[in-house]
Each structure stands twice: as structure tokens, then as C-alpha cells.
Amino acid sequence: MPKRSLFLTALASSLLALACLPAASASEGSPADQAFLTRAAAAGSAEVALGQLALQKTSSPQTRQLAQHIVSDHTKANEQLVALARQKQITVAPEPDAAAKQKLDKLQKLDGDAFDRTYAQDMVKDHQQAIALFTKASTGATDNDVKQFAAQTLPVLKDHLQMAQQLRKAGRDEMQGPATPRSPMQEMPSSTQPPPSSGPPSNGH
């Protein structure tokens, strides 16, 4: 009887431990984590598509440099994201959403400086949104692997944002053009009056 009691106690302990496992693994694939991975996958694939378009259309070395960084870094991040989602048994569709496709269509119709300026503006806005999304996941994700992925990707997104901001500023400076030099007459203070003309000396008559 004592052996049977010990066996039943051990069995109960094992069942209790197994019962706790679903609660621990249920955090993997939580709705919030699924939403993050889904949005991040769509955003990342959109950045790759926009970057590839920029590489095809731009003649600006600065725009080309930004686009190349974005294509390379987001391609790598997308591969990591898809592998992570598969590990967590979360289905993601790494393709641009409807809004990104509209942006692609808009940029496709632009050329030259107009394309470069619009692309830079879009990259600033997109990466500001991505940083907000990844920052929230880096601290609030339920799954530790998802949280770590978000935290590791954040510095790359911040680098892209800084580059995009610099490119946007350069485009604005070019639109404004160089300052027009002022003429010597414009430099003269408005209160300066010309000296009175000196006529011939009076002869007293």
C-alpha cells in the first residue's frame, strides 16, 4: 500500500506538471504576437519592393545607397521573421498590403528629382511607423523570441530612418537652391542718406 500511494503521488505530480505545459506554450502565438508578425511581414516586404523600384529608377547616388541598404537589411529581416513565424506555427503572408501597392503605383509614375523626394518622404514615414511597431513588440510581446527579434531589428530601422531623413533634407535644400547674393546697394542700411551736394561757394552777393 505505501508503494501504491507513492506511485499515485508521483503520477499526480506528473499530471499536474503536464497540465501546466499548455499554459506556458499558449503564450507562443498569442493574438498580439500574431498581429505583430503579420504587420511586420507585410511592411518588410513592402520596403523591399519599394527599394527595388528605387534601384531601377533613381540616378541619385544617395537614393541608391538608401535603397540598397533597405533591400539588403529588410530581406534578411524578412527571412528571420518567416522562420520565426513558422517555428511558432503562425502563418504570415510576406507581401505588400494594399496601401503599399498604391504607394508603388504612385512612385512608378514619377522620375528624377520628383521620384527621389517622394521616395525619401515615404521612407521617413514608413520607418517611423515601423519603429513604433517594433518598439512596442520589443517590450510588450508575450513570446520571448518575438520580443528578441523586435529588439534586434530596431537599430537597423533607426539607421534607415536617419538615412531617409538626411536624404529628405538634401532634397529640400536642392529645391530651395542657393541663396541669392545681395547687391552692395541692398547691403546699405536704409537709414543712410547720401551726403548733401556742395554747390559753388557763395560770393556774398
Side-chain angles (χ1 to χ4, degrees), residues 27-58 60-88 90-108 110 114-172:
S27 63
E28 300 180 358
S30 69
D33 293 351
Q34 291 183 39
F36 163 71
L37 291 175
T38 300
R39 288 184 60 191
S45 60
E47 297 311 313
V48 172
L50 290 166
Q52 290 172 339
L53 178 63
L55 291 174
Q56 294 172 10
K57 294 182 70 71
T58 188
S60 164
Q62 293 83 0
T63 301
R64 180 172 294 276
Q65 182 183 31
L66 172 62
Q68 188 61 67
H69 274 284
I70 287 177
V71 170
S72 299
D73 294 340
H74 279 279
T75 297
K76 181 179 178 180
N78 289 349
E79 292 172 352
Q80 294 173 346
L81 188 153
V82 170
L84 176 61
R86 186 180 299 116
Q87 177 187 346
K88 305 301 177 183
I90 298 174
T91 302
V92 296
E95 61 180 22
D97 58 17
K101 290 177 181 177
Q102 290 181 353
K103 197 175 297 182
L104 279 165
D105 291 341
K106 177 186 67 175
L107 284 170
Q108 186 70 55
L110 301 176
F115 175 89
D116 293 337
R117 287 194 302 269
T118 304
Y119 177 69
Q121 292 169 359
D122 287 345
M123 289 304 97
V124 169
K125 182 179 179 180
D126 288 353
H127 282 82
Q128 286 173 338
Q129 294 174 345
I131 288 171
L133 176 66
F134 276 71
T135 298
K136 182 178 180 180
S138 69
T139 58
T142 305
D143 183 83
N144 286 332
D145 292 333
V146 175
K147 186 181 296 185
Q148 184 177 11
F149 167 73
Q152 290 177 344
T153 309
L154 263 175
V156 178
L157 297 175
K158 291 179 179 179
D159 286 343
H160 292 173
L161 175 60
Q162 185 177 12
M163 293 176 65
Q165 288 173 330
Q166 292 173 349
L167 182 61
R168 182 179 65 176
K169 181 179 184 301
R172 288 176 175 175

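Since this is a predicted model, take the numbers as computed values, not measurements.
Looking only at side-chain heavy atoms (C-beta outward), Gln165 and Gln128 come within less than 4.5 Å of each other. Side-chain contact check for Lys88 versus Asp33: every heavy-atom pair is 4.5 Å or farther apart. Using a 4.5 Å heavy-atom cutoff, the side chains of Arg117 and Leu110 are not in contact. With contacts defined as side-chain heavy-atom distances shorter than 4.5 Å, the pair Gln62/Met163 does not qualify.
Contact between Asp116 and Ser60 at its shortest, heavy atoms only, is OD2-CB, 3.4 Å. Here the closest non-hydrogen pair linking Asp143 and Asp145 is OD2-N, 2.9 Å. Nearest heavy-atom pair, Ala42 versus Ser45, reported as atom, atom and distance to 0.1 Å: O-OG, 2.9 Å.
Applying the side chain to side chain contact (heavy atoms under 4.5 Å, CB included) rule to Lys147 yields the partners Ala141, Asn144; only residues at least two apart in sequence or on another chain are considered. The salt bridge (charged side-chain N to carboxylate O under 4.0 Å, His left out) check on Lys158 picks up nothing, with sequence neighbours excluded.
A distance of 9.0 Å separates CG in Asp122 from CZ in Phe115, rounded to the nearest 0.5 Å. Here Arg172 contributes atom CZ and Leu167 contributes atom CG; the two are 11.0 Å apart, rounded to the nearest 0.5 Å. To the nearest 0.5 Å, atom CZ of residue Arg168 and atom NZ of residue Lys125 are 11.5 Å apart.
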Sequence neighbours excluded and cut-off under 3.5 Å, please list the side-chain donor-acceptor pairs for residues 129-137, or say none.
| residue | atom | partner | partner atom | Å |
| --- | --- | --- | --- | --- |
| Thr135 | OG1 | Ile131 | O | 2.6 |

Let me check something: any side-chain donor-acceptor pairs from residues 64-77 under 3.5 Å, sequence neighbours excluded? List them with distances.
| residue | atom | partner | partner atom | Å |
| --- | --- | --- | --- | --- |
| Arg64 | NH1 | Leu55 | O | 3.4 |
| Arg64 | NH2 | Leu55 | O | 3.1 |
| Arg64 | NH2 | Thr58 | O | 3.3 |
| Gln68 | NE2 | Ser72 | OG | 3.3 |
| Ser72 | OG | Gln68 | O | 3.1 |
| Asp73 | OD2 | His160 | NE2 | 2.8 |
| His74 | NE2 | His127 | NE2 | 3.3 |
| Thr75 | OG1 | Val71 | O | 2.6 |

Which atom pairs, donor and acceptor, lie under 3.5 Å between side-chain atoms of residues 90-107 and protein residues at least two apart or in another chain?
| residue | atom | partner | partner atom | Å |
| --- | --- | --- | --- | --- |
| Asp97 | OD1 | Ala99 | N | 3.3 |
| Asp97 | OD1 | Ala100 | N | 2.9 |
| Lys103 | NZ | Asp126 | OD1 | 2.7 |
| Lys103 | NZ | Asp126 | OD2 | 3.3 |

